[in-house]
Number of protein chains: 2
Amino acid sequence: MADVGESGSTRTARYLLALYIAEHRTSPPVAPGRVAETLDRSPAAATEMLQRLAADGLVVREPYEGATLTDAGRARASDLHETYVALSWFFRDVLGLDEHEREAMELAGLVSPAVAERLAHLLFEDLDGEARSDDSDASPTREP
Amino acid sequence: MADVGESGSTRTARYLLALYIAEHRTSPPVAPGRVAETLDRSPAAATEMLQRLAADGLVVREPYEGATLTDAGRARASDLHETYVALSWFFRDVLGLDEHEREAMELAGLVSPAVAERLAHLLFEDLDGEARSDDSDASPTREP
DNA sequence: TTTTTATTTTAGGTCTGCCTAAATGGCGGT
DNA sequence: ACCGCCATTTAGGCAGACCTAAAATAAAAA
């Protein structure tokens with residue numbers, strides 16, 4: 001009874017995010033193998049989670065084909081993706097991390113909505129700053 | 001086989017951190033009830049985790065008394081605490097979050113060492129900046 | 001000392017997320 | 001049409017982290 005109680009605690013977020021990103025690269029039915037690969041899990045695990053997401057109405061699953069995000073799923077995934085982008089940016093441009101994408105992927109589903117939102121703000125502010133001081137300078141965020 | 005495989009994946013970190021903080025407030029043997037309360041878990045859960053930590057050599061447990069961090073445990077907890085402080089600072093002074101402490105507590109064990117380290121750097125830089133421009137100004141980090 | 005009360009511990013169960021090994025389905029080549 | 005191969009799925013298990021309810025224990029009250 002500790003969690004929010006709803007669908008999509010912790011780990012499922014990663015799957016949603018992976019699905020979301022995959023759908024933007026190739027046409028929608030995303031194969032479990034694909035998901036398994038990007039998340040470094042067994043194919044069986046991916047299939048299982050896809051079934052779970054389907055049960056929660058976040059994806060539609062076509063057996064032996066793959067899964068496609070539903071509107072609900074896409075909404076969730078979209079938020080996650082926003083957080084992911086913000087985190088990725090932060091880890092790369094502010095902290096100077098190499099593994100910014102993986103790190104962002106892992107944390108995107110774990111930070112609270114509040115953090116996600118404020119972080120996105122930071123990112124937008126930074127983009128804004130960049131746009132104004134536009135003399136093709138390398139990195140305005142992190143000084144060399 | 002995905003994780004590091006060792007002692008102290010995910011959740012145990014929270015217990016270590018709670019223990020570390022508790023030990024700094026009152027004398028060492030920290031009662032399970034205490035831990036349970038601060039982590040919002042059942043007493044049974046706390047007892048169980050304390051036993052686990054004891055099995056991993058991170059605490060010494062005195063039944064019906066509580067647990068005390070071993071050197072190994074304290075080392076781990078100390079790192080965690082550093083991350084916790086950095087995160088807490090970041091959430092409060094940079095993101096302006098209310099729940100900075102809880103949030104920091106939850107994430108401290110989840111961010112990679114790399115993130116922890118760089119974040120700590122940021123904090124020290126900020127403290128340094130504060131120290132130099134020392135005319136008792138309220139908050140140099142976040143403008144009012 | 002005996003009883004009461006508060007706390008801790010054990011017992012038994014659940015749920016999530018994952019794995020390996022063994023089916024099973026889909027498809028291309030012959 | 002049949003055979004193999006590869007991807008997916010099922011089956012069966014396992015460990016972590018949690019819970020509730022029922023013992024056990026320590027400490028305070030009577």
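Lettering of chains follows the sequences in order, A, B, ..., and the numbering in each one begins at 1. Below, all heavy atoms of this structure are taken into account, side chains as well, without hydrogens, waters or symmetry copies.
Here side-chain hydrogen bond (donor to acceptor under 3.5 Å, both in side chains) pairs that include residues 17-34 of chain A, with residues two or more places apart or in two chains, are A:Thr26-A:Arg34.
Contact of the B:Thr83 side chain with the B:Leu119 side chain is not registered, since no non-hydrogen atoms from C-beta on lie closer than 4.5 Å.
In this structure, A:Val60 is not a member of the same hydrophobic cluster as A:Leu58, with clusters built from ILVMFWY side-chain heavy atoms closer than 4.5 Å. B:Ile21 and B:Leu80 fall within a single hydrophobic cluster, where Ile, Leu, Val, Met, Phe, Trp and Tyr side chains are chained together by heavy-atom contacts under 4.5 Å.
A:Ser42 has no side-chain polar atom (N or O) that falls below the 4.0 Å cut-off from OP1 or OP2 of C:dC18. Note on B:Thr47: every side-chain N or O is 4.0 Å or more away from OP1 and OP2 of C:dT8. Contact between the side-chain N/O atoms of A:Arg41 and the OP1/OP2 oxygens of C:dC19 is not found at any separation under 4.0 Å. Side-chain N/O atoms of A:Tyr15 include one lying less than 4.0 angstrom from OP1 or OP2 on C:dC18.
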- Message: Run the ring-ring contact (aromatic ring centres under 6.0 Å, His included) test on B:Phe124 and B:His121 for me, step by step, so that the C-alpha distance in whole Å, both residues' side-chain angles and the decisive distance to 0.1 Å come before the verdict.
- Response: CA-CA 5 Å; B:Phe124 285 136; B:His121 256 279; 7.4 Å; no

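Atom CG of B:Leu53 and atom C1' of D:dG16 are 13 Å apart (whole Å). Computed from coordinates, the B:Met49 CE to D:dA15 P distance equals 16 Å when rounded to whole Å. To the nearest angstrom, C1' of C:dG17 lies 14 Å from CG of A:Asp40. Atom CD of B:Glu37 and atom C1' of C:dT7 are 13 Å apart (whole Å). Taking atom CD of B:Glu48 as the reference point, atom C1' of D:dT20 lies 13 Å away to the nearest angstrom. One atom, CD of B:Gln51, and another, P of D:dA15, lie 17 Å apart when rounded to the nearest Å. In this structure, the CZ atom of B:Arg52 is 16 Å from the C1' atom of C:dT9, given to the nearest Å. Between the C1' atom of C:dC18 and the CG atom of A:Leu39 lies a distance of 12 Å, rounded to the nearest Å.
Across all strands, A:Ala31 comes closer than 4.0 Å only to sugar-phosphate atoms, never to a base (heavy-atom distances). Backbone-only contact: B:Arg61 has heavy atoms under 4.0 Å from sugar-phosphate atoms and none from a base.
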Using atom names, set out every protein N or O paired with an N or O of nucleotides 21-27 of chain C below 3.5 Å, distance rounded to 0.1 Å.
from	atom 1	to	atom 2	distance (Å)
C:dG25	O4'	A:Tyr64	OH	3.2

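We find the CG-CG distance between B:Leu123 and B:Leu87 to be 10.0 Å, quoted to the nearest 0.5 Å. The line from CE of B:Met49 to CD of B:Gln51 is 11.0 Å long, rounded to the nearest 0.5 Å.
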